[in-house]
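Note that these values count all heavy atoms, side chains included, but never hydrogens, waters or copies made by symmetry.
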Amino acid sequence: MRLEVQLEPTSEQEEMRRAVREFCTREVTIERLLEWERLGSGVDARIAQAVAELGWIGLGLPVAKGGSGASLLDVAHLVEECARGLLPRPLLSRLRGALGLAWLAPESPQLAAVARGERSVTLALDEPDARSPAAWRTAAAPDGRSINGVKGYVVDAAAADLHLVGLGRAEGLSNEPRFALIDRGGPGVSIEPLLAFGNDPQAHVTYRDAPVLEWLDGGPGFADWQRRQVALALAEMVGGMAAAIDATLAWVKEREQFGQKIAIFQAVRHQVADMGIRFTSARHLAWQAISRLQSGSLGETDFESAVVWVGQSFKQICWTAHHLHGGAGFVVEHPLRFHSERAQSLCIRWTPEAPMLARIAATMLD
Amino acid sequence: MRLEVQLEPTSEQEEMRRAVREFCTREVTIERLLEWERLGSGVDARIAQAVAELGWIGLGLPVAKGGSGASLLDVAHLVEECARGLLPRPLLSRLRGALGLAWLAPESPQLAAVARGERSVTLALDEPDARSPAAWRTAAAPDGRSINGVKGYVVDAAAADLHLVGLGRAEGLSNEPRFALIDRGGPGVSIEPLLAFGNDPQAHVTYRDAPVLEWLDGGPGFADWQRRQVALALAEMVGGMAAAIDATLAWVKEREQFGQKIAIFQAVRHQVADMGIRFTSARHLAWQAISRLQSGSLGETDFESAVVWVGQSFKQICWTAHHLHGGAGFVVEHPLRFHSERAQSLCIRWTPEAPMLARIAATMLD
Amino acid sequence: MDYELSPRERAWRDEVRGFIAEHVDERLVDETRLRGNEGRGPEAQRFLDALRARGWDRIAFPVESGGLGKTAVEQWLFIDQIETAGAPMLPLTFTSVAPTILRIGTDQQRQEWLPRIQRGEVDFALGYSESEAGTDLASLRTRANLDGDHWVVNGQKMWNTMAHTATHNWLAVRTEPDAPKHKGISMIIVPMDAPGVSVQPIQVWPGLRTNAVFFDNVRVPRDYLMGERGLGFYYAAMALNFERLSIGSAGMARRIFDALVRDVRERVVDGQPLRENPWVRDRLARLRVELDAARLLALEVAIRLDKGEVPAAASSMAKACVSELAQRVADTGCEILGLDGQLHAEEPGAPVKGRLQWLYRLSPMLAFGGGTNEVQRDIIGFMGYGLPRK
Amino acid sequence: MDYELSPRERAWRDEVRGFIAEHVDERLVDETRLRGNEGRGPEAQRFLDALRARGWDRIAFPVESGGLGKTAVEQWLFIDQIETAGAPMLPLTFTSVAPTILRIGTDQQRQEWLPRIQRGEVDFALGYSESEAGTDLASLRTRANLDGDHWVVNGQKMWNTMAHTATHNWLAVRTEPDAPKHKGISMIIVPMDAPGVSVQPIQVWPGLRTNAVFFDNVRVPRDYLMGERGLGFYYAAMALNFERLSIGSAGMARRIFDALVRDVRERVVDGQPLRENPWVRDRLARLRVELDAARLLALEVAIRLDKGEVPAAASSMAKACVSELAQRVADTGCEILGLDGQLHAEEPGAPVKGRLQWLYRLSPMLAFGGGTNEVQRDIIGFMGYGLPRK
């Protein structure tokens, strides 16, 4: 397999990528992105329906539940291409939620409906002031059939049918996080939408004696579950970087200033080269981490280095892309700014560098 | 005063600078630098004598002791220009040592000979594994008239007549460091020269019941003493940066590749611009810190920011200068590499960024 | 303050501080932030009136022209204090257009325009850029042809910020089509309510509005052309020179940084005070060093202006340095605030009033706008270090 | 290992590791470090003999020419392991000159030179650069004129590393003075003991020796000109292609970094373990991320070579990235080690065997040598992204 996993996808993967590219070119126009942004939901029902019918949300779900049983690697190919084509973020969140549920509970009775696209899942993990699972305070109610707590910045909270809610260890039977699956439309769930940066609808959600559909154990595999979630973000980020570079290349070859294409200026060329160096190395680290995560062969710092480098590179590449685009890329109608928002928003949520750097240091020094 | 302290020196300061430039152009040739390097002493007696006779070592010493009573600012002007002209480092060390003694003990009976250039002083501060004064272990012997301990990386140790040795607090009458002035030629002093980077002769020095000529208290002004010593390094570094930039400008305007002056290449021009931005801002921070140190009006992070920025910028500027010089600046006969060695050597000794960043963070956050 | 201010400068700074303490409150700061480019709100109007009452709208005017005769350093102190307080900057009408008219206008033009500016009846948008002439101003195509006693203006301006709230446009137009590119441009004033002027909004990423403005056979009186025909390129450069003090100011980045620091001091994440996190401490300390450094580049610009120089290289240094630093402040700041840092200014409880994510969106413009940083670095090389052009 | 090696690659890597475990010891590593460019010492000779005994000197040769037929990825694995161990690299004679002769030489030339190379009788210095033709190779002036059955060589080469220990020089010379710059160059072999060759040492900053070599009417037999006249520029590019695998390798920087990390684990400063210092932890972690990233750029070069590409952009990326990263490793490493880090390799007790201060001195050369990083970035733009040249 080796690097070919990335440089040469399998024909099925290539096929899937092509389908995504065509879909996004046709359906994810800038006019619609602006419209979805205005809606506040980030997506409309028609496109959500179309994506569900294409089977993308269920791609990585078990075959027994009607999914395609695809590997993490296959899903990453899909996600990268979706991100490149600016597929609305709530849809990527639903894909993420579906996988999150399937990875915890491949036997969950909800999965069949999720695979059919009839129900959607979102993750409710972070809490105001608590990002580490060890600090979560949302917990089972004394009745043992419902939960209480507040989750923050839940993406797609108002639209997703099911909330996969992370519970604090404090109440714990286990030492690993436990999850509760909650019906968003059920009693005790109140959703407070937020005006937030990043072009994905977010909300604070309060669960007050909210009945639990299913209890799920994080179990000893929880760290791996977390890494897989981050891996999806890495694939998203690689796709976004690729799009930012493509747009920049097209622009600098086209735009003229001082009587010549700006690509002729060495300073412009060298900024493109630096984008290329960062993109290429970040993409390799991302795909190395994803493929080794799948094969269970992660080396010492493979995952952590990928997280740090991809997360920082995406922001950096977007900034250079904006710089080289000048005013033309700065209007709200330009796709570039959607990528740039995702760069920062994904980084904040999935790839902050501080904890990864701390882990790398601990690996080397402690 | 304001910025003019830097942009427009007083006529005396300008006079002094001109004298230094002329002296260095005439006396500090590359052939001699190479010869002094071979000697291992970093300087020869003739040039040391000449500098002493010019009164530069005694510039900042009290008039009552035969010095010129110049201010820290005056001395900084001198030092900057000396560094720019690559005056041998042992001589700058002697200037530093003389001031170090005078700032601690303006009444010291040794100062007159120091001002006349008959005796020289070096600082013996750091110990193997102990850089913070709080961790120094060198201490007074039980007889109260001599000291015991080991000092590391003492510059010019074998040539300087007097060692100004910092003592640990452990033995302390006072809570601030105390110093002992030791006759290098006296009993109990053994000097082990080191092969070290940085073009200044260094040695480990062991004091075994070494008799003390004078005891000196660091007193509550010790923090200020330390900052003044660092300030001298800042001036040195600004001088070195200026020289590296001058050399680079001359070279890129001269050197041709691909049929044109390399200064024509935008990538070269922009590297020069970046050197300029760093140099200009670093120089301002340095001179602001020096002048406020003198006037006792240091603001919140004036000193710490100057230390971090100057220290890192000098190394960065030297690296770019080497890069733009290519092979021509890489031969041992090129002055540039002397500046680059000083950049790293000064940074290691006087401007490591970690403690300064920690202090800035504490100022802002604690 | 920096490199010890003179007693006169210190007195002036204290006077400005006193004024700010009296006239800048949270309502003004909030209004300024939330309005963006949507014109002055009531708080800003009150603030501007108070400034005018002191004659501070003419801070850059020489005493003999009714101004305060402040030095560039004093003006910079003023700008720095205003920016640090988060109050609205003096409009470019006062700081760039009026001083230019003062220098290039005929007696009649000065008498016509300066008192109206002073009374607040006239408010300019600055119309230089076009879609094909951004950094390369000399390539502009909007033209004005003389027809009897009137100029007839045709063409289109881009990034014409404030055009929808201004009363007049300070327009660079081509009047001499046969002259070399740089020599064919003039400065002309066009009232925004003149027939044939239409304004089309352009929304940009940080949530600000700018405009494309179209001129379709717009007629303006002959003497609305300011100064001499064909010298517009140089007049624009002159106006730019008046802006140099604010272009390279680190005040805004510093204000947002300081607010970030205040937030971090109080913030608790996962039960731990965020200020104890070594990564946060290191990153904030490094940014503080860079902010301290950048600030002095702006001061150098002021000092050089006071010496009568055109500090092209110094102001290019300040501009390039500050704009790129603002990006690092935003980038690191967003990561430090984490998920909370995503909240928009309008969301109650948004930390640092949503300024970090806003600065993240704004900062690219700081680097490509006002002359791209590539051009700034070219200027540093050419003007600052005498590097050859060919 | 990376992106899961194939079983064949894994077996090869393990074989190389086994060989290294058997033949690389501290004496060899120390000798390699201390000798610099002063030719092979006895340990290095032993090591080379052991390599030769396995036929690994012909690692880059196709099987049909008596080589091992290793893929580029396998060669890269080999280089990476050798570099990581601190053993001497295979001489360019084997990795660059011999494969070039194999491809461009006449049958007779191959029969004459390849066996002698293999037996270790011939050792080349590579003579491309001149003082006025560094990165701009096509401007070289050293010339060879045909005089009967001999070429007469006149001129001067700079940075002719190893010329004082080599038996022969692999020289780029101008043979067609009237042809366009690129087309007038040929590759010629000059024995170092030929009359008229003189070598002048050049000491460079990191304590290494290189040479200026002068050619004064040096006569060499006509068939010492390799391949075709006038194609030398392309032959040099071909030889460079064989070097691409090692040029962008992060192995050396990684080895020094790892040694630094080991040192930090044990080091105590002011009574505190240095590894507890948050600044040290942060800086080392960041460098590790960058080293992990840089490593994969080199692997991409190998993979592209195996696909039959000339991976110009990829190897330019690796070269620019690794050389600048080496500088950061050196810079941060020196600061971490503090005063102890100044000690020279010869000083007993020098931490990390004095490698950090040495890398500080070496790293500029990594960036300007072998084609400046400006040229590398131009190549990335032109070849990697199809940016227009004019």
Side-chain angles (χ1 to χ4, degrees), chain A residues 1-8 245 248-249 252-253 260-264 266 268-285 287-289 291-292 295 297 299-302 304-310 312-313 353-354 356-366, chain D residues 1-6 9 73 257-258 260-262 264-265 273-278 280-297 299-300 302-304 306-307 313-314 316-318 320-321 324 373-374 376-382 384-390:
Chain A
M1 283 271 270
R2 208 177 47 236
L3 203 63
E4 284 80 330
V5 298
Q6 195 280 313
L7 295 176
E8 293 171 4
I245 289 182
T248 304
L249 288 172
V252 301
K253 290 176 185 176
Q260 58 182 25
K261 307 286 184 204
I262 63 173
I264 299 292
Q266 198 182 27
V268 170
R269 186 160 62 243
H270 284 198
Q271 286 176 76
V272 169
D274 284 331
M275 292 170 94
I277 293 173
R278 285 202 82 144
F279 172 64
T280 306
S281 54
R283 188 188 51 175
H284 282 314
L285 278 177
W287 281 97
Q288 176 177 264
S291 62
R292 291 187 178 179
S295 62
S297 60
E300 216 179 45
T301 57
D302 289 341
E304 292 78 5
S305 287
V307 172
V308 172
W309 196 241
V310 172
Q312 301 303 314
S313 296
E353 69 169 13
M356 292 298 118
L357 290 173
R359 255 153 65 174
I360 293 169
T363 301
M364 294 190 297
L365 297 171
D366 294 341
Chain D
M1 248 195 91
D2 285 300
Y3 282 80
E4 286 43 84
L5 295 180
S6 69
E9 287 163 349
V73 167
F257 175 81
D258 284 346
L260 172 66
V261 168
R262 281 193 301 275
V264 167
R265 267 194 228 125
L274 190 60
R275 66 183 174 78
E276 292 177 3
N277 181 313
V280 171
R281 296 177 76 84
D282 178 77
R283 295 307 189 271
L284 287 176
R286 286 199 302 168
L287 287 173
R288 173 64 182 265
V289 171
E290 294 191 67
L291 285 161
D292 284 352
R295 187 162 188 282
L296 296 183
L297 292 177
L299 178 57
E300 173 162 342
I303 288 172
R304 288 186 183 277
D306 281 340
K307 290 176 160 189
S316 290
M317 283 188 184
C321 177
E324 292 166 15
N373 282 4
E374 287 81 359
Q376 306 300 335
R377 287 190 165 84
D378 283 343
I379 290 171
I380 297 166
F382 295 139
Y385 292 113
L387 298 185
R389 281 167 194 269
K390 57 186 57 172

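Counting heavy-atom pairs closer than 4.5 Å to chain D, the top residue among A:R359, A:M356, A:E300 is A:E300. Chain A forms the most heavy-atom pairs under 4.5 Å with one residue out of D:I379, D:D378, D:N373, D:V280, and that residue is D:D378. Most heavy-atom pairs under 4.5 Å with chain A: of the set D:K390, D:R283, D:Q376, this distinction falls to D:K390. Between chain A and the residues D:R288, D:R265, D:E290, D:R275, the largest count of heavy-atom pairs under 4.5 Å involves D:R288. Note on A:D274, A:T363, A:V268, A:I245: by heavy-atom pairs under 4.5 Å with chain D, the leading option is A:D274.
Rounding to the nearest 0.5 Å places CD1 of D:I380 at 8.0 Å from OG1 of A:T280. Summarising the geometry, atom CD1 belonging to A:I360 is positioned 10.0 Å from atom CG belonging to D:D282; distances are rounded to the nearest 0.5 Å.
Using a 4.5 Å heavy-atom cutoff, the side chains of A:L249 and D:L387 are in contact. Residues D:M317 and A:F279 have side chains not in contact (no heavy-atom distance under 4.5 Å, counting atoms from C-beta outward). You'll find the side chain of D:R281 reaches within 4.5 Å of the side chain of A:D366, heavy atoms only. Side-chain contact between D:Y385 and A:R269 is absent, with no heavy-atom pair separated by less than 4.5 Å. D:L299 is not listed as a side-chain neighbour of A:H284, based on a closest heavy-atom distance of 4.5 Å or more. Residues D:L296 and A:S281 fail the side-chain proximity criterion, which asks for heavy atoms closer than 4.5 Å. Between A:R283 and D:E300, some side-chain heavy-atom pair lies under the 4.5 Å cut-off.
Remark: D:A294 pairs with D:A250, D:C321, D:V322, D:L325 by the side-chain contact (heavy atoms from CB on, under 4.5 Å) rule, at least two apart or across chains. For D:A302, the side-chain contact (heavy atoms from CB on, under 4.5 Å) partners at least two apart in sequence or on another chain are D:A72, D:V73, D:W76, D:L245.
When heavy atoms are compared at a cutoff of 4.5 Å, A:V252 approaches chain D solely by way of its side chain, counted from C-beta outward. Of the atoms belonging to D:A320, it is side-chain heavy atoms, and not backbone ones, that fall under 4.5 Å from chain A. The parts of A:A362 that come within reach of chain D are both its backbone and its side chain, each placing non-hydrogen atoms under 4.5 angstrom from that chain. Looking at A:Q260, neither its backbone nor its side chain comes within 4.5 Å of chain D, counting heavy atoms on both sides. Both the backbone and the side chain of A:T301 have a heavy atom closer than 4.5 Å to some heavy atom of chain D. Looking at D:E374, both its backbone and its side chain come within 4.5 Å of chain A, counting heavy atoms on both sides.
Shown here for A:L285 and D:D292, the closest heavy-atom pair between the two residues is CD2-O, 3.9 Å. A:I277 approaches D:R377 most closely through the heavy-atom pair CD1-NH2, 4.4 Å. Minimum heavy-atom separation, A:A361 to D:A285: N-CB, 4.1 Å.
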